[in-house]
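Have a look at the structure below, then the notes.
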Amino acid sequence: MNIDGIGKNRFLIALIIGIFSCINCKAYSEDDEGLFCSKDNPSISCEKDVTSSKLAELEDRIHHLEESCQTKKYPEVKFLTYKDRKRILITGGAGFVGSHLVDRLMLDGHEVSVADNFFTGRKRNVEQWIGHENFELINHDIVNPLYIEVDEVYHLASPASPPHYMWNPVKTIKTNTVGTVNMLGLGKRVSAKVLIASTSEVYGDPQEHPQTESYWGHVNPIGPRACYDEGKRVAEALAYAYEKQENVSVRVARIFNTYGPRMHMNDGRVVSTFILQALQNTSFTVLGSGKQTRSFQYVSDLVEGLIALMNSNYSQPVNLGNPEEHSIIEFVELIRDLVGNTNSTIEHLPPVQDDPQQRQPDIRLAAKVLQWEPIVPLTVGLEKTIEYFRKEILRSKHTERNIFNPHDLLPDAQFLRKRKW
C-alpha cells in the first residue's frame, strides 16, 4: 500500500483511535448511571471526569496531528489546461541550476518530475514542492534507463564544478555519455524534446575571444578536466546523431559561469569560494596571477534562457552567458566591497592545469534567435547570493531553514532593459 505524507498521518490518526477504542472496550463497560466500571472487578469504579479528560487530551492530540497534515503551504502556481500543461523531466533537478528551473516551471503551472541521485543535489533545494500534486521527486541515477511519459526533458544531470567532476572522473564521463544516451533514448521513445545542458568548457582554454558557437575549441583531451570537457563534447555529438538518425528534437545550451542562491558552499567555484572566504574573514585564495577573466550570469537569467531555447525552433548550439568580462582580482575586490567588514587578504596559489585564461561568451545568436539577454546586474545578483550564504552560515540546527523563495527568481521589471549586442 502506497501512502503519501498526509495520508500516512491520517492513517496513524485512525490507528490511534482504533487502538484506544479497542482498549476502552476491553477494559471498561458503561453501567446504567453512565459511569465506567471494570469488568474484572466491578466493585472498583472509574471516575467519569478522569475518563473525559483523557478523551479530551487524546482529541487534542488528534486535532494537532490533523493540523500538522495541513500546515504545508505551497507557492501559488498558475493554472494551465491540459492542452497547455506539459509533463517535464529535469535530470539533476535537485541541484543548483536544476532547482531554480523546477521553481520556474512549477510556478508556470507545468507538471515537473525531478530525477537526481543527490551526488551534488540536495532535497532541501526542492523541499518547497514535495507533496504538491504537480511535482514528483525520483531518486535515480540516469546512468540507468528511466521509463516515464514526458513531453520535454531538460538534461542537466552532471557534477559541474572541478572538485566535484574530478572526484570521480569515470562516473562524470558515464553521466555525460551513458546518461545522455538514456535521455535521448527516452526522447525517442516518447517523442519528447530533449535539451542538453552543455558548457562553455567545450571551448577549453580558448584561442578565440569572445567565443562564438562556431568555434571548435582548444581542449586537452587527456587533462584533469577532460572527463567533463570531453564528456560534454560527446553529449553534443550524441544529441545531433539522435537528431539525424532517430529524428529526436534536440536543443543544446552552452552554459557559461552561473551563480546565485543554492550554490554548493564547498564546490570550489569562484563565486562561492570568495563569498565564503569573505564572510569567514579568511584569505581569498586566487589561483595564479588573478588576471584570468570570467563572465558571470545570475541563475534567473540562465533559467529564462533555457526555457526560451526549449520553446524555440532553433536546434543548433546556443551560448547562454553574460558577456560582461571581469578579471578574478576585480571579482575579489567587488565581493570584498559588497560583504563589508572583512579583513580577508589575497593569497596567490599555483595555477591549476588547463585553467582557461579567458572566458567570455558571444551571445549575439541568443539575442537573435531567442530574443534573450541577461538582465540582472552583477552587483544585484551578488547581493542576493551573499545574503543566502550569510543565512546558510548562521544555521546551527536542522529546523533553521534557509529556503529561497521561488518568486524571488522571477525577472524584476526594474532590470528589464534593451541592449544592442
Side-chain angles (χ1 to χ4, degrees), residues 92 97 120 155-180 195-241 250-259 267-271 273 286-297 302 305 309 316-329 331 349-366:
V97 173
T120 57
H155 179 34
L156 275 59
S158 175
S161 69
H164 288 151
Y165 64 64
M166 289 191 288
W167 184 78
N168 189 342
V170 172
K171 185 59 184 292
T172 299
I173 293 172
K174 290 175 69 176
T175 299
N176 285 295
T177 55
V178 178
T180 300
L195 185 148
I196 304 295
S198 188
T199 171
S200 59
E201 296 291 343
V202 300
Y203 300 126
D205 187 3
Q207 296 179 326
E208 175 183 293
H209 191 77
Q211 294 82 55
T212 63
E213 289 83 355
S214 60
Y215 179 53
W216 289 0
H218 179 232
V219 177
N220 180 355
I222 58 172
R225 305 167 73 101
C227 59
Y228 185 66
D229 301 2
E230 297 290 9
K232 289 296 187 181
R233 287 162 73 97
V234 171
E236 290 191 14
L238 283 167
Y240 293 113
V250 299
R251 306 287 185 269
V252 173
R254 289 179 179 166
I255 301 171
F256 282 69
N257 295 73
T258 306
Y259 70 98
D267 65 4
R269 300 188 204 194
V270 170
V271 176
T273 298
V286 174
L287 303 178
S289 66
K291 295 180 180 179
Q292 60 269 45
T293 64
R294 295 292 183 270
S295 301
F296 300 95
Q297 68 178 333
L302 174 58
L309 178 58
Q316 293 300 298
V318 178
N319 288 338
L320 295 179
N322 192 322
E324 293 182 2
E325 189 180 16
H326 297 272
S327 71
I328 299 300
I329 290 295
F331 199 66
L349 298 178
V352 297
Q353 183 180 349
D354 299 331
D355 186 35
Q357 295 306 298
Q358 288 183 307
R359 187 58 59 75
Q360 182 189 27
D362 184 321
I363 63 167
R364 288 176 294 178
L365 180 62

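Both backbone and side-chain heavy atoms feed into the values below; hydrogens, waters and symmetry mates do not.
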Quick one: side-chain contact (heavy atoms from CB on, under 4.5 Å) partners of [X], sequence neighbours excluded?
{"X": "Pro224", "value": "Met166, Gln353, Asp354"}
{"X": "Val270", "value": "Phe274, Phe296, Ile328, Phe331"}
{"X": "Leu238", "value": "Thr180, Val181, Leu184, Val234"}
{"X": "Leu349", "value": "Thr285, Leu287, Glu347"}

Note to self: Under the criterion side chain to side chain donor-acceptor pair (under 3.5 Å), I'd like the reasoning laid out for Thr258 against Gln297: C-alpha separation, chi angles, the key distance, then a yes or no.
What the structure shows: CA-CA 5 Å; Thr258 306; Gln297 68 178 333; 3.2 Å; yes
Checklist line | Pairing residues for Thr175 by the side chain to side chain donor-acceptor pair (under 3.5 Å) criterion, not counting sequence neighbours | finding: none
Checklist line | With sequence neighbours excluded, residues passing side chain to side chain donor-acceptor pair (under 3.5 Å) with Ser289 | finding: none
[X]: partners by salt bridge (charged side-chain N to carboxylate O under 4.0 Å, His left out), with sequence neighbours left out:
{"X": "Asp205", "value": "none"}
{"X": "Glu213", "value": "none"}
{"X": "Lys174", "value": "none"}

Notebook entry, point to check: Residues in ring-ring contact (aromatic ring centres under 6.0 Å, His included) with Phe256, at least two apart?
Noted result: none
Check: Which salt bridge (charged side-chain N to carboxylate O under 4.0 Å, His left out) pairs, counting each pair once, include a residue from residues 226-239, with sequence neighbours left out?
Finding: Glu230-Arg233, Glu236-Arg254
Margin query: Tell me which pairs pass salt bridge (charged side-chain N to carboxylate O under 4.0 Å, His left out) where either residue lies in residues 158-168, with sequence neighbours left out.
Written below: none
Kindly compute the distance separating [atom1] ([X]) from [atom2] ([Y]), expressed to the nearest 0.5 Å.
{"X": "Asn322", "Y": "Asn257", "atom1": "CG", "atom2": "CG", "result": "10.5 Å"}
{"X": "His209", "Y": "Asp362", "atom1": "NE2", "atom2": "CG", "result": "10.5 Å"}
{"X": "Ile196", "Y": "Ser158", "atom1": "CD1", "atom2": "OG", "result": "11.5 Å"}
{"X": "Ser295", "Y": "Gln358", "atom1": "OG", "atom2": "CD", "result": "9.5 Å"}
{"X": "Gln292", "Y": "Ile329", "atom1": "CD", "atom2": "CD1", "result": "8.0 Å"}
{"X": "Tyr259", "Y": "Leu302", "atom1": "OH", "atom2": "CG", "result": "12.0 Å"}

What is the minimum heavy-atom distance between [X] and [Y], and which atoms define it?
{"X": "Pro323", "Y": "Ile363", "value": "CD-CD1, 3.8 Å"}
{"X": "Gly223", "Y": "Asn220", "value": "N-OD1, 3.3 Å"}
{"X": "Pro169", "Y": "Cys227", "value": "O-CB, 3.5 Å"}
{"X": "Val252", "Y": "Ala239", "value": "CG2-CB, 4.3 Å"}
{"X": "Ala197", "Y": "Ile255", "value": "CB-CD1, 4.0 Å"}
{"X": "Leu195", "Y": "Ala253", "value": "CD2-CB, 4.4 Å"}

So [Y] and [X], do their side chains get closer than 4.5 Å, heavy atoms only?
{"X": "Tyr203", "Y": "Pro361", "result": "no"}
{"X": "Ser200", "Y": "Arg359", "result": "yes"}
{"X": "Arg269", "Y": "Arg294", "result": "no"}

Next item on the list: Look only at the side chain of Tyr215 and the backbone of Gln207, and say whether a donor-acceptor pair between them is shorter than 3.5 Å.
Entry: yes
Item checked: Glu208 side-chain N/O to Thr212 backbone N/O, donor-acceptor pair under 3.5 Å -> yes
